Protein chains: 4
Amino acid sequence: MEFKKEQSIYLQIVDFVHENILSGKFEEGEKITSVREMAGEIGVNPNTVMRSYTHLQEADIIYNKRGIGFFVAKDAAKNIKKNLRHHFLKKELPQIIKKMKMLEIDMAEIEKIYEKTT
Amino acid sequence: MEFKKEQSIYLQIVDFVHENILSGKFEEGEKITSVREMAGEIGVNPNTVMRSYTHLQEADIIYNKRGIGFFVAKDAAKNIKKNLRHHFLKKELPQIIKKMKMLEIDMAEIEKIYEKTT
Amino acid sequence: MEFKKEQSIYLQIVDFVHENILSGKFEEGEKITSVREMAGEIGVNPNTVMRSYTHLQEADIIYNKRGIGFFVAKDAAKNIKKNLRHHFLKKELPQIIKKMKMLEIDMAEIEKIYEKTT
Amino acid sequence: MEFKKEQSIYLQIVDFVHENILSGKFEEGEKITSVREMAGEIGVNPNTVMRSYTHLQEADIIYNKRGIGFFVAKDAAKNIKKNLRHHFLKKELPQIIKKMKMLEIDMAEIEKIYEKTT
DNA sequence: GTGGTCTAGACCACC
DNA sequence: GTGGTCTAGACCACA
């Protein structure tokens with residue numbers, strides 16, 4: 001797995017798990033890849049994966065059964081989507097729009113690119 | 001001035017100068033706020049402002065007259081706009097669109113908010 | 001059966017047996033629930049129950065007849081009570097009191113709740 | 001500094017900072033001991049202290065100024081006390097009372113010890 | 001096998 | 001100097 005240098009690895013792993021849950025690869029109530037296994041697969045230290053999993057656990061996206069592993073929490077997909085949507089619309093979008101106006105980029109240009117990447 | 005913790009302070013100062021140039025507050029050929037004065041105004045260590053100014057200087061947005069101060073370079077506004085436009089369209093936008101699709105946010109929603117903030 | 005994540009499962013099972021003996025559900029000299037049956041009832045791996053029973057056996061609370069099962073030892077209830085009382089008064093209570101003083105919670109508050117839960 | 005083996009060191013450091021804030025040793029808005037310095041003082045790896053501080057930061061007890069250090073957040077003492085009181089009264093006390101009743105320890109005994117440790 | 005914690009040491013960006 | 005992240009490796013309790 002390739003990581004971008006702009007964001008810390010452990011947060012990229014968090015996003016990776018998000019995507020796996022949203023896509024249905026990790027289903028509600030099912031066990032996700034163990035810390036060590038994930039670390040091996042993506043070529044990263046187990047501590048780093050552990051940090052990501054702990055982060056997800058505190059956000060109630062996954063939970064832990066002692067000695068068994070981490071499991072996808074109830075309504076995880078729903079909550080992830082809700083949280084990300086809220087963050088995007090309230091935090092990111094205003095800044096994006098502000099920047100667009102500053103740079104005099106209008107919606108027509110955006111839409112053109114949007115259609116192209118569909 | 002309030003700083004976001006997600007981005008380094010010196011880059012937020014760079015953006016602040018960008019905005020001032022684009023808005024015409026700092027005009028071409030004119031002297032901009034001195035390092036010390038700026039540091040005092042926004043409550044930051046002068047070293048940090050110096051770093052921002054050095055960064056802007058390397059991008060040919062401002063230039064320095066020794067012992068006098070920093071001045072807005074020729075075509076600064078034009079160049080800022082060109083650089084930021086390019087970065088926005090090529091680097092940021094693709095990621096924004098990818099995220100929009102994952103969260104099932106369509107252009108109609110964006111446009112609605114865009115109009116509202118006009 | 002629901003388990004708290006703060007304490008290990010096998011110790012929670014130990015407490016569960018303690019309570020059953022103190023309440024008289026498991027009587028002196030009688031056979032207690034078998035390892036497999038207990039594991040099935042509370043939804044846990046038999047190894048985990050075995051560990052709890054071994055622990056209880058080492059504390060002379062239960063004893064084993066090979067091929068038959070585990071039985072409540074002589075004076076089990078009396079010994080449990082003695083051990084737990086000692087541990088509570090010498091180890092737990094001092095820390096509880098220390099915390100109460102730090103949080104400015106006085107005995108009147110405690111007593112009020114104590115009466116309510118009688 | 002001595003640590004108990006029953007609880008993880010990083011949580012004991014969290015408690016240690018709690019106490020320092022409650023006692024007024026770390027005052028609101030003031031900088032607390034830096035990660036490295038704290039690590040040296042209590043004889044622990046800086047990573048462990050970092051973990052404690054991150055934990056406290058997520059609980060809005062302290063906050064970070066980039067490159068400068070960690071500072072005590074607004075109303076930190078008030079919030080710590082509120083959280084700890086709530087946790088004690090709602091989570092710990094019911095279990096304590098349950099155990100007391102099981103062991104037939106009455107309030108008179110507790111009060112006697114409470115007075116003695118004043 | 002699982003997670004959880006800790007150490008030692010490194011490198012980085014930032015102030 | 002500050003925090004932030006990551007690696008490597010170890011040890012532990014637990015299922």
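Hydrogens, waters and symmetry mates are skipped; everything else that's a heavy atom, side chains included, is used. As the structure is a prediction and not an experimental result, all values here were calculated from the model. We name chains A, B, ... by the order of the sequence lines, and we start the count at 1 in each one.
- Around NZ of A/K31, the count of heavy atoms belonging to other residues, nucleotides or ligands within 6.0 Å exceeds 12.
- Rounded to a whole Å, the CE atom of D/M50 is 17 Å from the C1' atom of E/dT5.
- C/I62 places none of its side-chain heavy atoms less than 4.5 Å from the side chain of C/F26.
- In terms of position on DNA chain F, the residue among A/I9 and A/I68 whose nearest nucleotide sits closer to the 5' end is A/I9.
- Atom C1' of nucleotide E/dC15 and atom CZ of D/F70 are separated by 15 Å, given to the nearest angstrom.
- At the heavy-atom level, B/N47 lies nowhere under 4.0 Å from the strands shown.
- Residue-level contact check: A/Y10 touches the backbone only, with heavy atoms under 4.0 Å from sugar-phosphate atoms and none from bases.
- Following rounding to the nearest Å, A/K65 (NZ) and E/dG4 (P) show an atom-to-atom distance of 15 Å.
- Here D/V44 lies in heavy-atom contact (under 4.0 Å) with sugar-phosphate atoms only.
- Taking atom CD of residue D/E58 and atom C1' of nucleotide F/dG4, one finds them 13 Å apart after rounding to whole Å.
- Atom NZ of A/K5 is separated from atom P of E/dA13 by 8 Å (rounded to the nearest Å).
- In this structure, C/Y10 and C/H55 have perpendicular ring planes: the angle between them is above 60°, well past the 30° mark.
- Along DNA chain E, the nucleotide nearest B/R51 and the nucleotide nearest D/R36 are compared for position; the residue whose nucleotide lies closer to the 5' end is D/R36.
- One N or O on the side chain of D/R66 and one on the backbone of B/K5 form a donor-acceptor pair closer than 3.5 Å.
- With a cut-off of 3.5 Å on both pairing distances, the Watson-Crick or G-U wobble partner of F/dC14 is E/dG1.
- Considering only side-chain N and O atoms, D/R66 lies nowhere under 4.0 angstrom from the phosphate OP1 or OP2 of F/dG3.
- OP1 and OP2 of F/dA15 both lie 4.0 Å or more from every side-chain N or O belonging to C/S8.
- Taking only side-chain nitrogens and oxygens, D/T48 comes nearer than 4.0 Å to OP1 or OP2 of E/dT7.
- One interatomic measurement links the two molecules: CG of D/N45 to C1' of F/dG3, which rounds to 14 Å at whole-angstrom precision.
- Within the 4.5 Å cutoff, the side chain of C/F70 has no heavy atoms near those of the C/T54 side chain.
- Distance CD1 (A/I13) to C1' (F/dT5): 12 Å, rounded to an integer number of Å.
- One can place CD of A/Q57 at 11 Å from C1' of E/dG4, the figure rounded to the nearest angstrom.
- Taking for each of C/Q7 and D/K31 the nucleotide of DNA chain F with the nearest heavy atom, the 5'-most of the two is the partner of D/K31.
- Of the candidate nucleotides E/dG4, E/dC15, E/dT2, E/dG4 has the atom nearest to the side chain of A/N64.
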